[in-house]
Participant: 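The following block contains the structure, expressed as structure tokens.
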Amino acid sequence: MDERLKKLDELRRMKINPYPYKYERTHTFTELKEDFEKLSQSEKTVASCGRILAIRGHGKTVFATLTDETSKMQVYFRQDRLGDRFAVFGLFDIGDFIGIKGNLFKTKTNEITILVSDFALLAKTLRPLPEKWHGLKDVEIRYRKRYLDLIANPEVREIFKKRTRLVGLIRKFFDDHGFVEMETPILQPIYGGGEANPFKTYYSALERDMYLRIADELYLKRLIVGGYEKVYEICRDFRNEGIDRFHNPEFSMIEVYQAYTDYEGIMDLVEHLVEFLLDNLSDSRTMVFCDREVEFKRPFKRIRYTDALNEKLGFDILSAKESELDKTCKAHGIDYKILSTGAKIDKLFSELIQKYIIEPTFVIDHPKVISPLAKVHRKDERLVERFEFIMFGIELANAFSELNDPVEQRKRFEAQLAQKAEGISKIDEDFLEALEYGMPPCGGLGIGIDRLSMILLDQPSIRDVILFPQLRQER
RNA sequence: GGGUCGUUAGCUCAGCUGGUAGAGCAUCGGAUUUUUAAUCCGGUGGCCACAGGUUCAAAUCCUGUACGACCCA
């Protein structure tokens with residue numbers, strides 16, 4: 001870094017501003033390559049700019065490789081063309097941003113190159129870049145200093161662009177189906193709509209505790225009460241819990257609510273969404289994730305939650321005694337002591353069934369105890385009308401026929417409180433009051449966007465699809 | 001929370017059963033007018049994550065801590 005600071009001084013002595021204000025670019029590197037035939041015939045010079053990736057000096061000439069966001073480009077400096085200015089290039093380093101003007105030609109190895117007739121420093125770098133050949137591998141640096149990861153590993157830049165395209169497609173799908181995108185509060189006085197511990201904060205102006213939302217559900221339902229019939233929100237939610245390959249405390253979801261439909265209608269919607277995403281993101285309806293291949297074919301497989309679990313356990317989970325549940329949990333190495341009845345059942349399900357679901361599958365008709373916001377199943381009052389969309393053992397979506405009976409909803413909240421379940425600390429009276437004004441029959445859906453990105457982009461860790469994952473403080 | 005593995009130059013990595021710290025790239029100086037992981041010659045660069053312990057001697061063995069990865073809960 002000392003060497004580079006010296007060069008910086010030297011440049012200033014030469015009256016060269018190392019941090020000028022702008023550069024007029026005529027073409028990106030990709031545009032230059034695409035229009036090579038036409039541009040290389042022309043006498044007119046082109047102007048491009050980018051970061052220096054490599055310098056290959058040959059005495060009175062220099063080849064350098066530059067990169068802009070779109071592509072790489074080789075540029076060629078010759079002393080006989082640049083005269084005294086040629087020496088200025090000696091003060092440039094790998095990593096610096098420069099602008100060049102010149103004409104396109106092909107070298108004898110057939111590489112499109114700019115013969116430089118004029119150049120300018122656009123920004124001097126002080127620190128050396130990670131090595132060009134091996135890239136940056138240290139995952140800790142890749143996550144802590146993502147900008148270095150993005151410089152050194154262009155494929156990572158591609159992943160995040162694809163993620164953005166994916167979110168754009170999701171938005172387009174729902175817009176095209178007549179849904180309206182809404183924005184609801186991130187800071188909530190009462191949290192709810194999911195099972196999780198919240199992040200807590202303090203709202204000075206209102207002199208009260210607030211929570212970062214764990215879900216948007218209860219606000220979007222208020223919008224259905226208000227008369228909208230198809231709404232969605234692409235939201236950042238926050239859950240104050242563990243971090244692992246599939247969990248980041250701060251994560252992205254889309255929640256969708258549609259009036260006058262039920263979970264069957266939502267299943268249909270999800271199938272079409274997934275199909276739409278695949279058709280726009282990849283060439284086939286086959287998907288590879290962590291070396292396992294899966295084919296998408298409508299209709300997706302459906303598995304009844306309790307049937308699957310009962311078959312595996314050999315007894316009926318819903319009529320089982322608490323002691324029997326405890327025994328079963330213990331047998332499967334689950335620490336049941338701190339868990340509510342519902343949590344025990346759900347834990348068993350994840351361990352014994354969900355883990356092994358690879359094909360795109362709707363797990364349907366969950367027990368009522370683990371689904372406080374879902375409507376009772378029309379054929380079995382111990383169950384609710386709910387589905388989870390699961391593949392590769394990962395839960396991607398969760399949906400219900402939404403409970404709209406305010407009296408029943410109050411009972412469920414009270415039961416949740418009595419169970420000391422996560423995700424509720426007190427009853428959201430305002431929400432219940434909204435339901436008392438009447439919510440039409442409604443299907444609701446939540447999709448984890450990070451996990452969906454993981455699967456569609458074949459990334460093994462959620463941190464590979466989140467630009468700035470939180471890590472512990474460095475010491 | 002538990003287990004396993006990792007942490008050595010700016011980056012990627014070697015470093016054996018303990019004996020003076022190594023390579024490639026980057027960087028600096030020199031040569032080089034079509035190179036492209038350019039090449040050739042010469043140099044700089046290290047609190048071996050941190051703190052203890054064992055030993056005549058520790059990057060190496062032991063203990064603890066921090067951070068990270070993976071697995072389990």
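Chain letters run A, B, ... following the sequence lines, proteins first and then strands; every chain starts at 1.
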Participant: Please report the distance, rounded to the nearest Å, between CG in A:Asp149 and P in B:rC11.
Facilitator: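 Answer to the nearest Å: 14 Å.
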Participant: In whole angstroms, how far is the P atom of B:rA9 from the CG atom of A:Asp138?
Facilitator: 11 Å
Participant: Quick check: A:Tyr305 with A:Phe387 (ring centres under 6.0 Å apart)?
Facilitator: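 Not under 6.0 Å, so no.
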Participant: Roughly how many Å is it from CD1 in A:Ile243 to P in B:rG1, rounded to a whole number?
Facilitator: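 Rounded to whole Å, this separation is 12 Å.
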Participant: If the threshold is 4.0 Å, N to carboxylate O, is there a salt bridge linking A:Lys60 and A:Asp80?
Facilitator: no
Participant: Output the rounded distance in Å from CG (A:Leu136) to C1' (B:rA26).
Facilitator: 14 Å
Participant: Taking OP1 and OP2 of B:rC11, is either one under 4.0 Å from a side-chain nitrogen or oxygen of A:Arg127?
Facilitator: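 Looking at the OP1 and OP2 atoms of B:rC11, neither is under 4.0 Å from any side-chain N or O of A:Arg127.
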Participant: Would you kindly give the CZ-to-P distance between A:Phe63 and B:rU39, to the nearest whole Å?
Facilitator: 15 Å
Participant: When you check the gap from the basic side-chain N to the acidic O, do A:Asp149 and A:Arg146 get nearer than 4.0 Å?
Facilitator: yes
Participant: What is the nucleic acid contact for A:Arg81, judged by heavy atoms within less than 4.0 Å: base, sugar-phosphate only, or nothing?
Facilitator: nothing
Participant: Just call it for A:Lys106: base, sugar-phosphate, or nothing, with non-hydrogen atoms closer than 4.0 Å on any strand.
Facilitator: nothing
Participant: In whole Å, what is the span from the NZ atom of A:Lys132 to the C1' atom of B:rG10?
Facilitator: 14 Å
Participant: Among B:rC11, B:rC70, B:rC67, find the nucleotide with the atom closest to the side chain of A:Ile141.
Facilitator: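 Selected nucleotide (nearest to the side chain): B:rC11.
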Participant: Whole angstrom is fine here: how far is it from CG in A:Leu126 over to P in B:rG10?
Facilitator: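 These atoms are roughly 16 Å apart.
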Participant: What's touching nucleotides 5-7 of chain B from the protein side, N or O pairs under 3.5 Å?
Facilitator:
none

Participant: Salt-bridged, A:Arg163 to A:Glu158, with N to O below 4.0 Å?
Facilitator: no
Participant: How many angstroms lie between CG in A:Leu218 and CD in A:Gln409, if you round to the nearest 0.5 Å?
Facilitator: 8.0 Å
Participant: Within the structure shown, what part of the strands sits under 4.0 Å from A:Ile334 by heavy-atom distance: base, sugar-phosphate, or nothing?
Facilitator: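 Sugar-phosphate contact only - A:Ile334 comes under 4.0 Å of backbone atoms but never of a base.
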Participant: Would you say the rings of A:Phe63 and A:Phe77 are close, in the sense that their centroids are separated by under 6.0 Å?
Facilitator: no
Participant: Quick one: is B:rA38 close enough that its OP1 or OP2 comes under 4.0 Å of any side-chain N or O from A:Arg56?
Facilitator: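 Result: yes.
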Participant: Can you tell which of B:rG24, B:rU35, B:rC70 lies closest to the side chain of A:Glu111?
Facilitator: B:rU35
Participant: Looking at A:Tyr263 versus A:Phe400, is the centre-to-centre ring distance below 6.0 Å?
Facilitator: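 Not close enough - the centres of the two rings lie 6.0 Å or further apart.
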Participant: Mind calculating the distance between CD1 (A:Ile55) and C1' (B:rA26) to the nearest angstrom?
Facilitator: 11 Å
Participant: A:Asp93 or A:Phe105: which one's nearest nucleotide on RNA chain B is closer to the 5' end?
Facilitator: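 By nearest-heavy-atom nucleotide position, the 5'-most residue is A:Asp93.
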Participant: Starting the side chain at C-beta, find the nucleotide from B:rU33, B:rU27, B:rG68 nearest to A:Lys7.
Facilitator: B:rU27
